[in-house]
Structures are given as C-alpha cells and as structure tokens.
Amino acid sequence: MPLDKILHVEDDESIRVIVEMALVDISGLTLVSCEGGHEAISQLAHFTPDLILLDAMMPGMDGLQTLHEIRKNSHCVNIPVVFMTARIQHTEKQEYLDAGAVDVIEKPFDAMSLGDSLERIYQAHLASAKINHPE
C-alpha cells in the first residue's frame, strides 16, 4: 500500500510551506499541517494519516510530548512517526527512536526527495510490521 496521507506538525511556517510544496505539489500526497502538538491531537480526531511527520523542537508541547499524547489515542498507536530535527546528535536520535519513532530526518532536508524518503521509510515500516506481526 503506498503512502498517501501525512500529518505534519511543525511550528515554523516557512518549513510547513516547504514541506507542503514537497509533499503535495511534487509528490501528490494528502497533507494536513499543524503548527503544534495540541492542534495535531485535535486533527487526529477526524483525520487518520498513514504517517506523522513531527518536528522535535516546538514551543509548548515538544515533539516527544506530542508523540506521547498521540499514542494515548487507540487508533493512533500503530501510525509510524518520523521526527524532523536540526539537532541530530546520536543520543537525541536514539531518544526519538526509543520513544517509538520509526526514523529521524535531519533539517535542512532536500525538498525534492522528501516524498521519496518518506515513502521508503513507510514501506520499510510496513515490511517490518509484517515480519514482526504476520497475519
């Protein structure tokens, strides 16, 4: 199943615009953008994405707190989450992965290949889920 719907959570408007161009205009995906964790949680009440692209550093509720709140929703437990961050030290990346993220993308990112990168991450997640939980 191809990647189709993405929830993007990012406080920086300029990055939201670039991600929208990359994912909607270039890759043809459906995108719902939120400027913070509270808005994302609200959106999840009526939008179920295939993947969540989550900024790590946001005012108020940061990415890890947002992920924790998202996982409280039973219909969101298995949605893969990819963090985006400018701070990509190994220990921080491992912290995101340990919290349940499937991958971490470094900012700045290549807008032209973002959709392809997320598709690869999504397909790898689906393959891993099938191996770990065969039907």
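From a predicted model like this one, the values you see are computed outputs, not experimental measurements.
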Report task. Please list, chain by chain and in numerical order, all residues satisfying salt bridge (Lys or Arg N to Asp or Glu O under 4.0 Å) with Glu119, sequence neighbours excluded. Result -> none
Requested in this report: To the nearest 0.5 Å, tell me how far Lys72 NZ sits from Glu69 CD.
Outcome: 3.5 Å
Query raised in the report: CZ/Phe83 to CG/Leu64 distance, rounded to the nearest 0.5 angstrom?
Result: 4.5 Å
Query raised in the report: Taking atom types as modelled, is there a side-chain donor on Ser113 or Asp110 under 3.5 Å from an acceptor on the other?
Result: yes
**Report entry** Closest approach of Gly37 to Thr66 (non-hydrogen atoms, all atoms of both residues)
**Finding:** CA-OG1, 3.4 Å
**Report entry** N/O donor-acceptor pair under 3.5 Å between Asp50 side chain and Asp4 backbone
**Finding:** yes
Query raised in the report: Any chain of hydrophobic side-chain contacts (each under 4.5 Å) joining Ile121 to Leu29?
Result: yes
Query - From Leu53 atom CG to Cys34 atom SG, the distance as rounded to the nearest 0.5 Å - result: 11.5 Å
Query raised in the report: Mind checking whether Phe47 and Ile70 sit in one hydrophobic cluster, side chains of I, L, V, M, F, W, Y counted as touching below 4.5 Å?
Result: yes
Query raised in the report: Does the side chain to side chain contact (heavy atoms under 4.5 Å, CB included) test come out yes or no for Phe109 and Val19, once each step is laid out?
Result: CA-CA 10 Å; Phe109 55 90; Val19 168; 3.5 Å; yes
Report summary line: Sequence neighbours excluded, the answer for salt bridge (Lys or Arg N to Asp or Glu O under 4.0 Å) partners of Lys107 is Glu10, Asp55
Query raised in the report: In terms of hydrophobic clusters joined by side-chain contacts under 4.5 Å, are Val81 and Leu3 together?
Result: no
Query - Asp62 side-chain N/O to Gln65 backbone N/O, donor-acceptor pair under 3.5 Å - result: yes
Query - Trace of the side chain to side chain contact (heavy atoms under 4.5 Å, CB included) decision for Leu7 with Gln43 - result: CA-CA 9 Å; Leu7 179 70; Gln43 285 289 339; 4.2 Å; yes
**Report entry** Close side-chain approach of Val9 and Met58, heavy atoms under 4.5 Å
**Finding:** yes
Requested in this report: Answer yes if Leu67 and Ile79 sit in the same cluster of Ile, Leu, Val, Met, Phe, Trp and Tyr residues linked by side chain heavy atoms under 4.5 Å apart, and no otherwise.
Outcome: yes
Report summary line: CG (Leu114) and CE (Met21) are apart, to the nearest 0.5 Å, by 11.0 Å
Query raised in the report: Would Ile18 end up clustered with Ile26 when hydrophobic side chains under 4.5 Å apart are linked, directly or stepwise?
Result: no
Requested in this report: Answer yes or no: is there a donor N or O on one side and an acceptor on the other, between the side chain of Gln123 and the main chain of Met1, under 3.5 Å?
Outcome: yes
Query raised in the report: Would one find more than 12 heavy atoms of other residues, nucleotides or ligands at under 6.0 Å from atom NE2 of His46?
Result: yes
**Report entry** Met61 side, atom CE; Glu39 side, atom CD - distance, nearest 0.5 Å
**Finding:** 12.0 Å
Query raised in the report: Which heavy-atom pair separates Pro59 from Asp11 by the least distance, and what is that distance?
Result: CD-OD2, 3.4 Å
Query raised in the report: Is the backbone of Ala22 close enough, under 3.5 Å, to the side chain of Ser27 for a donor and an acceptor to pair up by distance?
Result: yes
Requested in this report: Measure from the side-chain N and O atoms of His125 to the backbone N and O of Arg120, and report whether any donor-acceptor pair falls under 3.5 Å.
Outcome: no
Query - Lys5 side chain vs Thr48 backbone, donor-acceptor pair below 3.5 Å - result: yes
Query raised in the report: Do you know the tightest heavy-atom contact between Val77 and Arg71?
Result: O-NH1, 3.2 Å
Query raised in the report: At their closest point, which heavy atom of Tyr122 faces which heavy atom of Pro80, and how far apart are they?
Result: CD1-CG, 4.0 Å
**Report entry** Any residue meeting side chain to side chain contact (heavy atoms under 4.5 Å, CB included) with Ser33, in chain and number order, not counting sequence neighbours
**Finding:** His8, Arg16, Leu31
Requested in this report: State the NE2-CD1 distance between His38 and Ile41, to the nearest 0.5 angstrom.
Outcome: 7.0 Å
**Report entry** Contact summary for Ile6 and Leu118, nearest pair of heavy atoms
**Finding:** CD1-CD1, 3.8 Å
